[in-house]
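Please read the structure below before turning to the comments.
Whatever order the structure lists ligands and atoms in, that order sets their numbers, starting from 1. In this chain, residues are counted from 1 in sequence order.
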Amino acid sequence: MSRTTFRVLLLTAVLTATTLVLMPLARPLIDPAALPVSVPWWTLAPAYLAVTFLPIYYETRGEVRAVSLTQVALAIGLVFVSPWMLLLARVLAAAVFCLPVRRQPPAKAAFNISLCAFEVGTAVSIASLFSPLDGAGPVLWAALLVALLLSEIVSFLVLQVLFAILGVEHSRESTRSAVVGLLAATGVFAGVAVVVVAAAWTDPWTSAVGAAVGCALAIGYRQHRRLAADQQQNARLHQFLQGLGPVDLDSEDSQDVLQQVRLLLHAEHLDLALQSPEGWRHFSDDDPDVGAIRETALEVELLTRTRASLLEGNDHMSAPLMGAQDMLGVLTVSSRMGNARPFGLRDLRMLETLATELAAAVERGRLQRELALAATTDALTHLPNLNETTHRLNVMLSADEDVIVTTCAVDSFREVNDTLGHQVGDDLLSEVTRRLLLSYPEALIGRIGGGRFCVAVPATPYGGDPSMFGLGVRAQVEGGAQLGPVGTHIKLSVGCARGREHGKDAATLIRRAETAMYSARHASGGPVVWEPAYEVEGQRRLAVVMALREALASGAIGVGFQPKVDTLTRVVTGVEALARWTHPALGAISPAEFVPLAEASGLMGPLTSTVLRQALTTCKGWQRRGGRVGVAVNVSAETILDPSFVTEVAAIVTSVNIAPDLLTLELTEGVVVNDPGLAAIRLGELRALGVKISVDDFGTGYSSLTYLKGLPVDEVKIDKAFVDGITHDRADGAVVRAVVDIAHTLGLRVVAEGVEQEEQHQMLARFGVDEVQGYLHARPMAALDMAQWLRRREQETPHGLRGV
Ligand code: C2E
Ligand code: CA
Ligand code: CA
């Protein structure tokens with residue numbers, strides 16, 4: 001039983017109890033012996049029933065009540081019948097009306113019957129105050145009028161209690177107009193009733209005429225009230241529709257809208273069932289009555305779909321909510337308010353109108369919600385976007401300023417997107433999102449751009465150590481991943497900032513974590529915690545990127561050359577081309593600084609092109625003057641995986657008109673590790689042009705020689721780090737020795753770079769390294785210097801240049 005039903009039943013019980021207390025106090029208004037005619041008590045029951053069918057409606061906001069000629073019946077009863085018999089007749093008539101005629105639900109019927117009984121109870125007890133009167137006269141008529149009026153007023157007050165229970169709110173003004181309407185109507189009909197009784201006293205025929213006049217009056221008044229009620233109803237509907245904006249049923253406001261709809265329909269209960277992917281969602285009060293009926297309503301509406309229907313003895317109505325595409329749901333209302341009548345065609349039309357308008361409003365509400373969602377949420381991952389992340393982080397900071405903010409960039413996102421397509425790129429981001437959400441269900445996780453995410457947590461539970469947390473993020477997310485048919489390895493660069501130390505507001509913290517994250521890219525992923533120095537560095541990076549763009553456009557990037565020599569004969573075997581740049585204001589800028597920036601800002605293509613062209617042109621120049629020196633050019637990962645790079649190399653080789661086997665492309669081992677399959681394809685294509693391939697910085701990453709097996713590679717360059725350690729660290733020696741052994745087995749040449757000391761050279765020679773490169777033999781130098789150097793070298797050692 002719902003709370004409302006319980007309260008209504010309680011009110012019913014109070015009414016019944018009061019009636020039972022009042023009744024014994026009642027005495028007949030007139031001594032039965034003094035009555036001019038005797039009226040059998042039972043005739044009052046059909047009389048009551050008859051007048052109930054001819055009610056005059058008056059409305060108080062949302063509630064239809066009827067004043068009817070029941071007052072006439074009551075007046076006759078008060079004078080001609082004993083109090084208990086009057087009560088019996090009244091209760092019988094009400095029971096017949098509510099149950100078999102109207103088929104009201106038990107609770108509602110019980111209330112209405114008890115209210116009728118209560119009216120009789122108050123009327124007879126008030127009338128008793130005047131009794132016994134010895135006959136007709138002004139005092140009797142006054143007593144009758146007072147009893148009729150007071151009982152009607154008391155019953156009006158009871159109804160106000162009922163409305164309060166049902167949650168119907170009245171403005172003071174509507175209550176006042178209701179009282180005035182009630183008093184006027186009651187006054188008129190009580191007057192008619194008195195006249196009828198007075199007439200019956202003298203002459204029953206006059207009384208019949210009086211009754212006829214009363215009926216005519218009632219019919220006229222009823223017509224008038226109907227029109228007035230219709231007008232009022234239309235005005236309310238109009239007002240409601242004007243105020244009806246988009247309805248979001250998940251918001252608080254929607255309750256109010258549904259309540260208004262319910263009141264417009266004079267219904268005690270309302271249920272709105274909406275179709276959702278999970279099934280029907282109900283927005284209603286918890287009335288068990290509706291629960292049962294709404295199932296029927298759903299069935300009916302699913303079948304008919306386009307029309308509203310009256311159900312179950314007209315005590316329920318339902319209508320479908322038709323959206324632009326499909327049926328959105330079903331609106332069901334039940335129990336017309338008041339005792340007057342069940343739902344009728346008029347109500348049904350109203351329901352149809354409201355259902356149509358409500359459907360449109362719900363659709364508008366959904367659209368609005370979607371738009372709001374789109375403004376705050378990333379469509380692919382459904383994570384908050386940058387704006388929303390910043391907003392939520394600010395909220396988090398206002399609760400506790402000690403927050404760890406990490407940002408992470410998926411390292412190979414751009415490459416994956418460009419080379420494997422957007423679908424795989426999307427899959428990659430979805431996978432990262434999944435791992436983050438799984439590992440940090442409580443954290444604020446947002447996608448703040450391209451392949452960049454933000455993860456923020458309160459510092460305390462994580463020991464207040466940003467870099468530990470950052471490490472955790474990497475550990476949770478990094479690792480192998482299968483993206484559709486493509487297997488790949490996810491790696492992150494992570495930057496961190498901490499609320500208490502590095503900034504107070506979200507925007508600053510995110511920006512600083514990102515600055516640190518960019519540094520992490522060059523620190524094997526980090527995590528790097530932000531430091532004030534980064535602010536300056538960040539500005540420098542920006543300046544360098546801008547200057548680099550200009551330098552590339554104006555041809556200000558030059559190339560230096562560094563020779564490689566045969567370990568045993570020390571004859572020059574080739575040169576490596578290294579990008580060189582001196583900016584007028586910033587001075588000489590190392591490729592170690594600008595190459596990563598070029599990678600990060602999409603300038604790698606033009607940089608590689610300019611170095612490649614200059615290197616090959618220079619090489620061609622030496623060749624014309626008789627020296628045949630091969631040149632090696634560094635190519636970054638992104639570039640080598642780009643299919644158009646192969647075409648570009650072919651075009652430059654052709655336009656410079658140089659033998660392709662004079663060109664070696666140096667690439668870092670990372671390229672091979674990240675995606676051996678794709679790397680093999682691209683390297684194969686380059687190899688097919690006649691170009692040689694060298695794996696640079698060998699040993700620094702996590703590749704092993706097994707990766708090289710089966711790859712079209714000609715040479716490995718052992719990283720300077722191993723050469724540095726070779727003279728004093730046995731382990732480094734062992735690595736070099738192993739690399740040489742396996743590389744030779746695979747048919748690859750081995751080059752050692754960064755050789756600065758004669759001692760290192762000797763050792764490398766002993767280990768079987770084929771060629772060495774380093775300051776010991778020559779520093780990188782400009783093309784002209786390189787030519788001179790080569791010539792001098794040739795004179796010193798007659799066979800200084802291989803192949804000359
Ligand atoms: P890398 O390919 O390993 O180039 C060798 C680096 O070591 C060069 O630095 C060279 O000057 C330096 N070096 C050579 N011998 C010695 C030595 O004995 N001792 C010491 N301490 N250093 C030595 P550089 O020119 O500053 O280049 C740095 C890195 O920048 C290169 O490393 C390469 O990865 C990248 N780079 C340079 N030019 C280009 C280019 O045109 N394209 C691409 N993609 N990367 C380039
Ligand atoms: Ca190199
Ligand atoms: Ca290197």
Is the number of heavy atoms from other residues, nucleotides or ligands under 6.0 Å of Arg737 CZ greater than 12? no

Any side-chain donor near an acceptor of the partner, [X] and [Y], under 3.5 Å:
X: Asp411; Y: Ser493; result: yes
X: Ser644; Y: Glu648; result: no
X: Asn634; Y: Ser636; result: no

Would you mind checking which non-hydrogen protein atom is closest to [atom], with the distance to 0.1 Å?
atom: atom 19 (N) of ligand 1; value: Glu756 OE2, 2.6 Å
atom: atom 26 (O) of ligand 1; value: Pro591 CG, 3.5 Å
atom: atom 5 (C) of ligand 1; value: Glu753 OE1, 4.1 Å
atom: atom 15 (N) of ligand 1; value: Gln562 NE2, 2.9 Å
atom: atom 13 (N) of ligand 1; value: Tyr775 CE2, 3.7 Å
atom: atom 11 (O) of ligand 1; value: Pro780 CG, 3.3 Å

Output the distance between atom [atom1] ([X]) and atom [atom2] ([Y]), rounded to the nearest 0.5 Å.
X: Tyr775; Y: Gln562; atom1: OH; atom2: CD; result: 7.0 Å
X: Leu616; Y: Asn657; atom1: CG; atom2: CG; result: 11.0 Å
X: Thr647; Y: Glu685; atom1: OG1; atom2: CD; result: 8.5 Å

So, does Thr567 use its side chain to make a donor-acceptor pair with the main chain of Glu771 at under 3.5 Å?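 Yes; at least one donor-acceptor contact below 3.5 Å.
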
Given that the side chain starts at C-beta and the backbone is N, CA, C, O, which of these parts of Lys720 lies under 4.0 Å from ligand 1, counting heavy atoms, or is it both or neither? side chain

State, yes or no, whether a side-chain contact exists between [X] and [Y] at a heavy-atom distance under 4.5 Å.
X: Asp696; Y: Glu753; value: yes
X: Met781; Y: Gln788; value: no
X: Phe698; Y: Val750; value: no
X: Val473; Y: Cys408; value: yes

Can you tell which of Asp697, Asn634, Val559, Val633 gets a heavy atom nearest to atom 46 (C) of ligand 1?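 Looking at heavy atoms only, Asn634 sits closest to atom 46 (C) of ligand 1.
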
Proximal candidate to atom 31 (C) of ligand 1 [heavy atom criterion; set Val595, Leu776, Leu578, Val723]: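 Result: the heavy atom closest to atom 31 (C) of ligand 1 is in Leu578.
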
At a threshold of 3.0 Å, where the distance has to be below it, does the Ca ion (ligand 3) have an N, O or S atom of Asp696 nearby? yes

Please determine whether Asp719 has a backbone or side-chain N, O or S atom lying under 3.0 Å from the Ca ion (ligand 3). no

Would you verify that at least one protein heavy atom lies under 4.0 Å from [atom], or report that none does?
atom: atom 22 (N) of ligand 1; result: yes
atom: atom 34 (O) of ligand 1; result: no
atom: atom 29 (C) of ligand 1; result: no
atom: atom 7 (O) of ligand 1; result: no

Under 4.0 Å from a heavy atom of [X]: give me the atoms of ligand 1 that qualify, with their elements.
X: Val755; result: 18 (O)
X: Arg580; result: 11 (O), 25 (O)
X: Ser636; result: 44 (N)
X: Glu576; result: 2 (O), 4 (O)
X: Met604; result: 44 (N)
X: Val611; result: 41 (O)

Would you mind naming the N, O or S atom of Glu666 nearest to the Ca ion (ligand 2)?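 Going through the N, O and S atoms of Glu666 one by one, OE1 ends up nearest to the Ca ion (ligand 2).
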
Within less than 3.0 Å of the Ca ion (ligand 2), any N, O or S from [X]?
X: Ser694; answer: no
X: Glu753; answer: no
X: Glu576; answer: yes

Can you tell me if Arg779 contacts ligand 1 (heavy atom of the residue under 4.0 Å from the ligand)?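 In this structure, Arg779 fails to qualify as a contact of ligand 1 - no heavy atom is under 4.0 Å.
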
Hey, is Asp696 one of the residues with a heavy atom under 4.0 angstrom from ligand 1?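 For ligand 1, residue contact (heavy atoms, under 4.0 Å) with Asp696 is present.
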
Hey, is ligand 1 close enough to Ala579 that some N/O pair sits below 3.5 Å? yes

Over all atoms of both residues, closest heavy-atom pair of Ala598 and Leu607: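 Result for this residue pair: CB-CD2, 4.2 Å.
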
